[in-house]
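Down below is the structure, laid out as structure tokens.
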2 protein chains.
Amino acid sequence: MDAMLDTEGKESSATHGAYRRLREMILTGELPPGQKLKIEQLRGLLDTGASPVREALSLLTSDMLVERIDQRGFRAAPVSKSNFEEILLLRCNLEETALRASIANADAAWEDRLVLRHHHMKKASQNGAHDFEDAHKAFHMALLDNAKLPLLLRYCSQLYDLNIRYRYLAAGGSSYKKRDISAEHQQILDAALDRDADSATGHLIDHYRRTGEYLSSQMDS
Amino acid sequence: MDAMLDTEGKESSATHGAYRRLREMILTGELPPGQKLKIEQLRGLLDTGASPVREALSLLTSDMLVERIDQRGFRAAPVSKSNFEEILLLRCNLEETALRASIANADAAWEDRLVLRHHHMKKASQNGAHDFEDAHKAFHMALLDNAKLPLLLRYCSQLYDLNIRYRYLAAGGSSYKKRDISAEHQQILDAALDRDADSATGHLIDHYRRTGEYLSSQMDS
DNA sequence: ATGTCAAATAATATCGATATTTTTGGAGAC
DNA sequence: GTCTCCAAAAATATCGATATTATTTGACAT
């Protein structure tokens, strides 16, 4: 007597579905920063019960994409320039730590994973922006995950998502020029494969700072 | 027709109450690491409904004190030596960043807060261990909060709590010797008041490393 | 006009019950 | 004796309804 509309055969759970859908909507700006998130409204939008919605919102609180106001419901996390700058700062700090640790643990299997992810990313860049975003994140996380520091990786992943949100908000996802991001990625990859930690972290941080400055300028408008 | 048993006049909310209570139980080890957290069981323990328990567990997931296993409920987060060491590593990294930023923003109001927190901590050390823990955390967070980096502060606070849990687990909360923690705190405070970032961060990290090594040795047993 | 208070409205938080899923336990086959 | 499979039990996930709490509205007094 229940609707079973998802064609995916992977994760069936009303809560998880609501979580992923809401996450997507907040990241892309479909649910704008600061917006009140009323249960009823979302219940209609995702056509599911109130409990899964509630729980999904609780989970999104962990990711700092949703704020809970004690007896007053939920709202999409607000944005600000200072928040953006803090995200950038922390990313540079944490990702440098993670990348250095990853390189310290470098082995053939990791190199294979890196090359693969990089290839997938290049391939996906010809498809839709959505595919590219996923592959881009996968590449960046692959750079870091060989550190074998799960907490650190989790923080980096969280911050990555928070940052991507600003990219969507600033540019509608499009104006995010190809610039020469592709070359930057290649430099990072090569340095990582050479196991040159200084060069790899240098390029990585440049990569972030450059994107950061670009977005920061967009935000002044 | 509802029970209103809390004598506190501050935060009334079944969810929030359950959250605080469960958090306490997990931090102190009353709910041991890895233990299955069955809704019914907790519902009885906290005498409240299933929904608040469920939501409290969701919130504790953010704090990494509870793990969610997709269609199989919740469990208290497991512990391991490598997890402990990662926490220590990240704490040293993040708190150094935060403390340096705090000192860079130093002003009279911050100094006042620091002195006050330090005083309260000393006073509380004569009372129960529970009071001391709260005051101790308040002092450490006061050292960091002048950085005005809310995300960073949140991470530091999370990691602080994860660490305190290991202290409870290793020592039952007691053997955590007074050592000369008091002197160490004084050194950190003095250096911060002098606005000597190198000295302050040095003492702070020493403080953590020393406690870390002590706990680490306890864990080999 | 303006500010305050009370009733009406809307939204959240919570409960109790049901449907789904996982886990357990035991009967039968090899 | 061990393994497989099916039924029984337990636990989770979800729903629908109610009680609580916040917010708005409008009347009244100043």
Side-chain angles (χ1 to χ4, degrees), chain A residues 1-23 25-26 31-32 34-62 65-78, chain B residues 1-23 25-26 31-32 34-62 65-78:
Chain A
M1 207 191 272
D2 200 32
M4 195 53 164
L5 301 171
D6 45 327
T7 51
E8 297 187 40
K10 198 181 178 185
E11 273 283 16
S12 59
S13 160
T15 297
H16 217 87
Y19 171 76
R20 299 218 318 170
R21 187 105 179 63
L22 285 174
R23 178 195 184 82
M25 289 201 283
I26 293 172
L31 289 174
Q35 176 158 110
K36 186 98 205 300
L37 301 175
K38 303 182 198 173
I39 306 288
E40 272 303 304
Q41 164 196 335
L42 298 177
R43 202 205 60 69
L45 233 144
L46 308 171
D47 89 315
T48 182
S51 310
V53 170
R54 231 183 137 58
E55 203 161 324
L57 289 172
S58 275
L59 291 173
L60 286 165
T61 294
S62 333
L65 290 170
V66 164
E67 273 189 3
R68 180 201 201 83
I69 320 156
D70 188 62
Q71 212 102 355
R72 228 158 290 173
F74 302 87
R75 70 169 51 189
Chain B
M1 205 192 273
D2 202 28
M4 197 51 164
L5 301 171
D6 46 327
T7 52
E8 296 186 43
K10 198 182 179 186
E11 271 283 17
S12 59
S13 161
T15 297
H16 217 86
Y19 171 76
R20 299 217 319 168
R21 186 105 181 64
L22 285 174
R23 178 195 184 82
M25 290 202 282
I26 292 171
L31 289 173
Q35 177 159 109
K36 186 98 208 299
L37 300 175
K38 302 181 199 174
I39 307 285
E40 271 304 304
Q41 164 196 333
L42 297 178
R43 201 205 60 69
L45 233 145
L46 308 172
D47 89 315
T48 182
S51 310
V53 170
R54 226 180 144 57
E55 204 161 323
L57 288 172
S58 274
L59 290 173
L60 286 165
T61 294
S62 333
L65 290 170
V66 164
E67 274 188 2
R68 181 203 200 82
I69 320 156
D70 188 61
Q71 211 103 355
R72 229 156 290 175
F74 302 87
R75 69 170 51 189

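Sequence lines set the chain letters: A, B, ... in the order given, protein chains first and strands last, and positions in each chain run from 1.
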Length of the line joining A/D47:CG and D/dC15:P, which is rounded to integer Å: 9 Å
Proximal nucleotide (of D/dT14, C/dA11, D/dT21) relative to the A/Q71 side chain: D/dT21
Whole angstrom value for the distance that separates C1' of C/dT12 from NE2 of B/H16: 16 Å
Spacing of B/F74 atom CZ relative to C/dT22 atom C1', expressed in whole Å: 15 Å
Rounded distance (nearest 0.5 Å) linking atom CZ of B/R21 with atom OG1 of B/T48: 12.5 Å
Rounded distance (Å) that lies between atom P of D/dA9 and atom CD of B/E40: 17 Å
Whole-Å gap separating C1' (D/dT12) and CZ (B/R75): 15 Å
Under 4.0 angstrom between B/R43 side-chain N/O and C/dC15 OP1 or OP2: no
side-chain N/O A/K36 vs D/dT23 OP1/OP2, d < 4.0 Å: no
B/K38 vs D/dA13: side-chain N/O to OP1/OP2 distance below 4.0 Å: no
Any A/S13 side-chain nitrogen or oxygen under 4.0 Å from OP1 or OP2 of D/dT14: yes
Nearest heavy atoms of A/L59 and B/R68, plus distance in Å: CD2-NH1, 4.2 Å
Nearest listed nucleotide, side chain of B/R54, among D/dC15, D/dT12, D/dA13: D/dA13
Gap separating the CZ atom of A/R54 from the CG atom of A/L42, nearest 0.5 angstrom: 12.0 Å
Sugar-phosphate, base or nothing in reach of A/L37, heavy atoms under 4.0 Å: sugar-phosphate
Rounded distance in Å - CD1 (B/I39) to P (D/dA13): 7 Å
Approximate separation, where rounding is to 0.5 Å, of A/R75 CZ and A/I69 CD1: 4.0 Å
Whole-Å gap separating C1' (C/dT14) and OH (B/Y19): 20 Å
Whole-Å distance separating the CG atom of A/L46 from the C1' atom of D/dC15: 16 Å
N/O (side chain, A/R72) to phosphate O (OP1/OP2, D/dT21) under 4.0 Å: no
Shortest non-hydrogen contact from A/F74 toward A/S58: CE2-N, 4.2 Å
B/T48 vs C/dC15: side-chain N/O to OP1/OP2 distance below 4.0 Å: yes
